[in-house]
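Data block below; observations after.
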Amino acid sequence: DKHAAHERMMYKQIKENISYGNRQVLLSSMTLTLSPEDYLAIIQNPDYTEKLGFLIEDFGGYTIIVREVPIELGEKDIEYTVNEIIENIKTNVDYDSASHLDKLYFSIACKSAVRAKDKSSFFEMEDLIEKLKRNPDITHCPHGRPVSVRLSKNEIEKMFGRLG
């Protein structure tokens with residue numbers, strides 16, 4: 001499952017890289033206009049958003065500007081992830097706990113991973129398989145789905161009606 005495999009690799013990278021502050025400056029900053037409640041939640045927690053790999057600033061009028069994001073996220077799904085961060089702040093008393101941070105890392109990884117229905121070239125798939133070989137601890141995605149399954153020759157033969 002290329003999505004599950006890539007998602008797990010991204011999660012591992014994000015968790016490692018965020019601790020080193022690896023962020024990417026957006027070529028074109030993103031502005032988001034929020035409700036007053038959402039605006040206050042995000043603006044009053046700059047240390048938390050920076051811990052997640054985002055540089056978010058007040059732009060006035062309940063608008064924020066996103067200038068930097070985790071390098072793995074790129075420009076893909078920034079608004080969705082910022083909204084998840086806001087919801088986490090608003091709904092969880094201990095939003096800065098390790099378990100809640102992990103859930104957000106999962107979300108960032110999921111959004112930045114290749115999709116199962118995306119077409120991949122032979123070289124992309126070969127690269128993914130080589131990375132999996134170098135990381136035998138990657139067996140399940142952060143949500144618990146297996147990255148791969150092993151079928152015996154007998155199981156395959158049964159599927160094709162070759163064994164009685």
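With respect to Lys2 and Asp118, no salt bridge is recorded, no charged nitrogen being found less than 4.0 Å from a carboxylate O. Under the 4.0 Å criterion applied to side-chain N and carboxylate O atoms, Arg23 and Glu68 are assigned as salt-bridge partners. A salt bridge links Lys133 with Glu130: the distance from a Lys NZ or Arg NE/NH1/NH2 to an Asp or Glu carboxylate oxygen falls below 4.0 Å.
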Test side-chain contact (heavy atoms from CB on, under 4.5 Å) applied to Tyr105 and Ile14, step by step: CA-CA 7 Å; Tyr105 298 157; Ile14 289 166; 4.0 Å; yes
side-chain contact (heavy atoms from CB on, under 4.5 Å) between Asn83 and Glu87, intermediate numbers included: CA-CA 6 Å; Asn83 284 320; Glu87 284 307 308; 5.7 Å; no
Full working for side-chain contact (heavy atoms from CB on, under 4.5 Å) between Glu57 and Ile43: CA-CA 7 Å; Glu57 298 173 351; Ile43 289 302; over 6 Å; no
Pair Arg67-Met30, side-chain contact (heavy atoms from CB on, under 4.5 Å): steps then yes or no: CA-CA 7 Å; Arg67 296 196 185 276; Met30 175 182 278; over 6 Å; no
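Val66 has its side chain out of reach of Thr31: every pair of non-hydrogen atoms, C-beta onward, lies at least 4.5 Å apart. By the 4.5 Å heavy-atom criterion applied to side chains, Leu104 and Tyr48 are counted as neighbours. With a 4.5 Å cut-off on side-chain heavy atoms, Ile64 and Phe59 do not count as touching.
In the model, Tyr39 has a side-chain atom that pairs as donor or acceptor with a side-chain atom of Asp58 under 3.5 Å. A side-chain donor from one of Thr33 and Thr63 sits under 3.5 Å from a side-chain acceptor of the other.
The cluster map of Ile, Leu, Val, Met, Phe, Trp and Tyr, joined by side-chain heavy atoms under 4.5 Å apart, puts Ile65 and Leu55 in different clusters. When hydrophobic clusters are built by joining Ile, Leu, Val, Met, Phe, Trp and Tyr residues whose side-chain heavy atoms come closer than 4.5 Å, directly or via intermediates, Ile138 is grouped together with Met125.
The 12-atom threshold is not exceeded at NZ of Lys131, counting heavy atoms of other residues, nucleotides or ligands nearer than 6.0 Å.
Of the options Thr139, Leu132, Leu128, a side-chain contact (heavy atoms from CB on, under 4.5 Å) to Val147 is made by Leu132 and by none of the others. Of the options Met10, His6, His3, a side-chain contact (heavy atoms from CB on, under 4.5 Å) to Cys110 is made by His3 and by none of the others.
When the ring-ring contact (aromatic ring centres under 6.0 Å, His included) test is applied to Tyr11, the partners found at least two apart in sequence or on another chain are Phe106.
Between Ile78 atom CD1 and Leu26 atom CG the span is 4.5 Å, to the nearest 0.5 Å. Ile56 contributes atom CD1, which lies 4.5 Å from atom OG1 of Thr49 (distance to the nearest 0.5 angstrom). Between the CZ atom of Phe54 and the CD1 atom of Ile42 there is a distance of 8.5 Å, given to the nearest 0.5 Å. Of the inter-residue distances, the one linking Asn88 atom CG with Ile85 atom CD1 reads 8.5 Å to the nearest 0.5 angstrom. The OG atom of Ser107 lies 9.5 Å from the CD atom of Glu7; values are rounded to the nearest 0.5 Å. Taken from CE in Met159 to CG in Asn154, the straight-line distance is 11.5 Å, to the nearest 0.5 Å.
Proximity of a side-chain donor or acceptor of Asp1 to a complementary backbone N or O of Ala4 within less than 3.5 Å is detected. Looking only at distances, a side-chain donor or acceptor of Glu124 sits under 3.5 Å from a matching main-chain atom of Ser121. Between the side chain of Gln44 and the main chain of Ala41, no donor-acceptor pair closer than 3.5 Å is present.
Sequence neighbours left out, not one pair with a member in residues 118-155 passes ring-ring contact (aromatic ring centres under 6.0 Å, His included).
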